[in-house]
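Order of the sequence lines sets the chain letters (A, B, ...), proteins ahead of strands, with each chain counted from 1.
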Amino acid sequence: MQDYLKGLNEAQRSAVVETDGPSLVIAGAGSGKTRVLTFRIAHLLSEGVKPYRVLALTFTNKAAKEMKERIGSVVGQHIAGSLWMGTFHSIFARILRYESKHLGYPSSFTIYDSQDSKNLVKSIVKKMKLNEKAYKPGSVLARISAAKNDLVTPVVYARDVNRMTHDKASQMPMIHEIYARYMKECYKSGVMDFDDLLLNTNILFRDFPDVLKKYQDQFDFIMVDEYQDTNYSQYLIIKKLAEKHKNICVVGDDAQSIYSFRGAKIENILNFRNDYPGYKLFKLEQNYRSSQNIVNAANSIIEKNKGQIQKNVFSANDLGNPVRVLKAYSDVEEGFLITNDIFEKRMKEHLEYKDFAILYRTNAQSRVFEEALRKKNLPYKIYGGLSFYQRKEIKDLLAYFRLTINPADQEALKRVINYPARGIGKTTMDKLILAADSSDQSLWNILINPNISQLGINAGTQKKLANFVALIAQFKAQLENLSAYELAAEVASASGIMKDLHNDKSIEGQGRMDNIDELLNGIKDFTDSKQEEGEPAKLVNFLEDVALLTDQDNEKADDINKVTLMTIHSAKGLEFKNVYIVGVEEGLFPGTQSTDSEKNLEEERRLFYVAVTRAESNATISFARSRYKYGELTYSRPSRFIGDIDQAYLDVNPEDFVSNEKPQPSFRKPGLGQANSNLKPRIRMNYTSEAGQSKPKINFNASNTSGLQAGMRVEHERFGQGEVVSIEGVAPNVKATVKFNNAGQKQLLLKFAKLKILT
DNA sequence: AGGAACGTATAATCG
DNA sequence: ATACGTTCCT
């Protein structure tokens, strides 16, 4: 049973088996951190700890899902399935739904994404008649977010001298007031933003000790991954939950702390010893991922930072190749150089596309690489940027879903009340909003109020409003009866979205239609698999998942073997054989915003460290002497970070570093690159190539499973072939446990599962 | 009310 | 460069 301990080194093994009391695991890059976490949880479970008494917080949903599967393969999927494992946001959203009544929220609260938040801020600024030039929604929101992450409420904010001085200095003295109104509007609309999920959890635990006690009792063991990137709000939640049993294990690496811009406090990991005296310290220092050259080069970078936890990361792998530095004259040439290199290396070394990743500082840099890759016909996938769920047509449909679940959701209402066009315009909306504000009610309440006729809206428009209300009410009435897919399909057609897109015969319109199809297919998949596993598969459940998705959670099956393009931030935790770090220039990496303080610069340097340590065999750094920014040609010098790398591990042409030479604009031949690059519609490959991919195979005919018995071989549409382990339950809720060859062990409800009996 | 045409501000990193 | 907002016209 304890075979899994055999493959671990000594430090890893201690970190796995010493589960009592507080532990701090300092995990250097590539040191097998995920294995340790996985085995530690599996170890707990195999010792008889109940899965629902284990809370494990990860950084992304994807990480949680993968870890769950790995744990499941040791202890069984059904056990792993009952773990409280997920991101902070998803776990505490779940708790907040159970406990929402304490806070006066509906349990069906919906979640604003950052665009919704921005729109709300914008409308508040307008209402307050503030200067819209000075109060940029993004900046205002950043201040509000920072306050929330520090658990500073609007009242406290107004008394906080530091914050107020800061706001005055940046010409936005009224932020505290915007903040107060923002909170009020969210409350009124029954919505939370991302930060609220954590803030409200804190409020819940602070004001309702019984509730806190319940969860303190429940969670015997708590584990937190990427602890160096937790903010104060997250820190305090964990601290309170761990207070009773004190079985808390945090894992992290101070050298990889890269999220201070969203409130992460590197101090949380540095001060762990003060919070939990008597803690055990485990240091994972052997890097199994990268060659010696890469580890050494990375070490020489991070050495330039001060105040770190002492550690000695080393590699016992091959020496490997030095870190290579490439110079390009322009951003376009950079694209060609890198893609050529990938093309040739793949041929020469018989590698696969998935062995290559292009990492950049900002999403805006992805474009030239996309174009270069496309010209060379190399398949690629992009993370970040405009994700699938941020597309207009998708957001429109999701807004209908949100409104169906929570009609008070104001941003959702504003978004779709006149889409597809139904003759409800600005004038009408202004009247409604005025009424909502003066009576302190949600827009929806105004709409369903019989006194609506007194608002001076003409009879024709009133009729249109009534129709809209009836439409949403009709959807709402079906929330319980219909599955997620059934209701979603109904909403898509009855709302008129399908018809509207169908009428648009342009290429873009066609693409939008495909996207809606794809979303519906995704919901179908969601519904099928939840039903098969005997879990709720209503629209509410789908929306819950979608609201908290990250870029990385959208990966498609046939996206696997492609070149990866992503920001360095999203590459954290991942690894690739060959990594290209591009745009390593002053003013871009480090960015101009980061060069003003040593603290910011150190974070940028950690980011660079993270980038280099993603590579297993080869790391290549490139910079361009000129590039387009905001549509303007700019010139740049190689980044100071390149100089941070010890020359011994570097392969660079010294001539490229004569950085004072005058850049030569003539290198960009007009007509090449930029000029002819707008030939094709800019649709991302990873979404175009597989519209309809998830549609059920037509010729899969499921067998009648009434006579299914343990030991039989079966085939499943998505999970492939497997063997029935056991059958339990009485009709119609018979459940089969099936061990699939590739997908692991699953429990399936026979009334939903489509299984073909093979033997 | 709703669309076309024009002007302008904009892109850091994320759940 | 382009996405977004405003203005103007129907």
Side-chain angles (χ1 to χ4, degrees), chain A residues 57-64 86-93 111-119 122 126 132-133 136-139 141-142 145 148-149 192-198 226 229-231 233-234 257-264 331 359-368 383-387 389-390 392 418-430 458 460-461 464 545-553 566-572 583 587-594 600 603-604 606-608 610-611 627-633 674-675 677-678 682:
Chain A
L57 297 165
T58 59
F59 202 66
T60 62
N61 297 297
K62 190 179 169 215
T87 60
F88 271 89
H89 291 87
S90 64
I91 293 288
F92 294 111
I111 297 170
Y112 273 0
D113 66 21
S114 19
Q115 196 51 55
D116 297 318
S117 297
K118 272 188 197 150
N119 291 341
K122 201 179 289 176
K126 215 174 248 172
E132 288 176 57
K133 294 247 156 46
K136 297 201 177 99
S139 328
L141 208 57
S145 172
K148 285 185 179 175
N149 288 331
M192 298 193 194
D193 67 15
F194 292 127
D195 302 314
D196 287 335
L197 296 173
L198 306 173
E226 307 284 7
D229 281 326
T230 50
N231 60 36
S233 191
Q234 294 168 320
S257 162
I258 53 174
Y259 280 100
S260 79
F261 73 91
R262 67 172 203 217
D331 47 0
L359 308 181
Y360 33 78
R361 179 66 241 268
T362 66
N363 278 312
Q365 288 165 256
S366 69
R367 155 154 294 148
V368 287
Y383 293 84
L386 235 212
S387 87
Y389 289 97
Q390 290 169 333
K392 183 192 175 301
N418 198 32
Y419 177 78
R422 41 174 81 84
I424 302 171
K426 190 172 180 304
T427 328
T428 310
M429 282 310 282
D430 285 346
N458 69 50
T461 312
K464 290 170 186 161
D545 273 18
V546 162
L548 299 170
L549 280 183
T550 62
D551 295 332
Q552 299 183 26
D553 300 325
M566 56 169 54
T567 62
I568 302 168
H569 279 89
S570 34
K572 186 167 76 156
L588 188 58
F589 192 16
T592 34
Q593 307 93 321
S594 313
N600 285 341
E603 174 147 323
E604 280 303 272
R606 289 194 294 270
L607 191 59
F608 191 50
V610 168
R627 82 170 54 243
Y628 274 90
K629 282 182 187 168
Y630 305 101
E632 271 195 62
L633 190 59
Q674 218 73 0
S677 59
N678 50 359
R682 299 210 56 268

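- In this structure, the side-chain hydrogen bond (donor to acceptor under 3.5 Å, both in side chains) partners of Ser117(A), at least two apart in sequence or on a different chain, are Tyr182(A).
- Every residue was checked against the salt bridge (charged side-chain N to carboxylate O under 4.0 Å, His left out) condition with Lys133(A), not counting sequence neighbours, and none meets it.
- With both ends at atom P, the span from dA11(B) to dT6(C) equals 15 Å, rounded to whole Å.
- For Lys392(A), the salt bridge (charged side-chain N to carboxylate O under 4.0 Å, His left out) partners at least two apart in sequence or on another chain are Asp396(A).
- In this structure, the side-chain hydrogen bond (donor to acceptor under 3.5 Å, both in side chains) partners of Asn600(A), at least two apart in sequence or on a different chain, are Asp596(A), Ser597(A).
- For Tyr259(A), there are no side-chain hydrogen bond (donor to acceptor under 3.5 Å, both in side chains) partners two or more places apart in sequence or in a different chain.
- Between the C1' atoms of dG5(C) and dA12(B), the separation comes to 23 Å (whole Å).
- By the ring-ring contact (aromatic ring centres under 6.0 Å, His included) test, Tyr112(A) pairs with no residue at all, sequence neighbours left out.
- Phosphate contact (OP1/OP2 of dA1(B), side-chain N/O of Asn418(A), threshold under 4.0 Å): absent.
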Nucleotides 4-9 of chain C: protein proximity per nucleotide (B base, S sugar-phosphate only, - neither; heavy atom, under 4.0 Å)
-S----

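- Looking at heavy-atom distances under 4.0 Å, Gly591(A) makes no contact with the nucleic acid at all.
- Gln365(A) is linked by a side-chain hydrogen bond (donor to acceptor under 3.5 Å, both in side chains) to Thr362(A), counting only residues two or more places apart in sequence or in another chain.
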Summary of protein contacts for nucleotides 8-15 of chain B, nucleotide by nucleotide, where a base hit scores B, a sugar-phosphate-only hit scores S (4.0 Å, heavy atoms)
-SSBBBBB

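- Taken to the nearest 0.5 Å, the CZ atom of Phe194(A) stands 6.0 Å off from the CG atom of Leu548(A).
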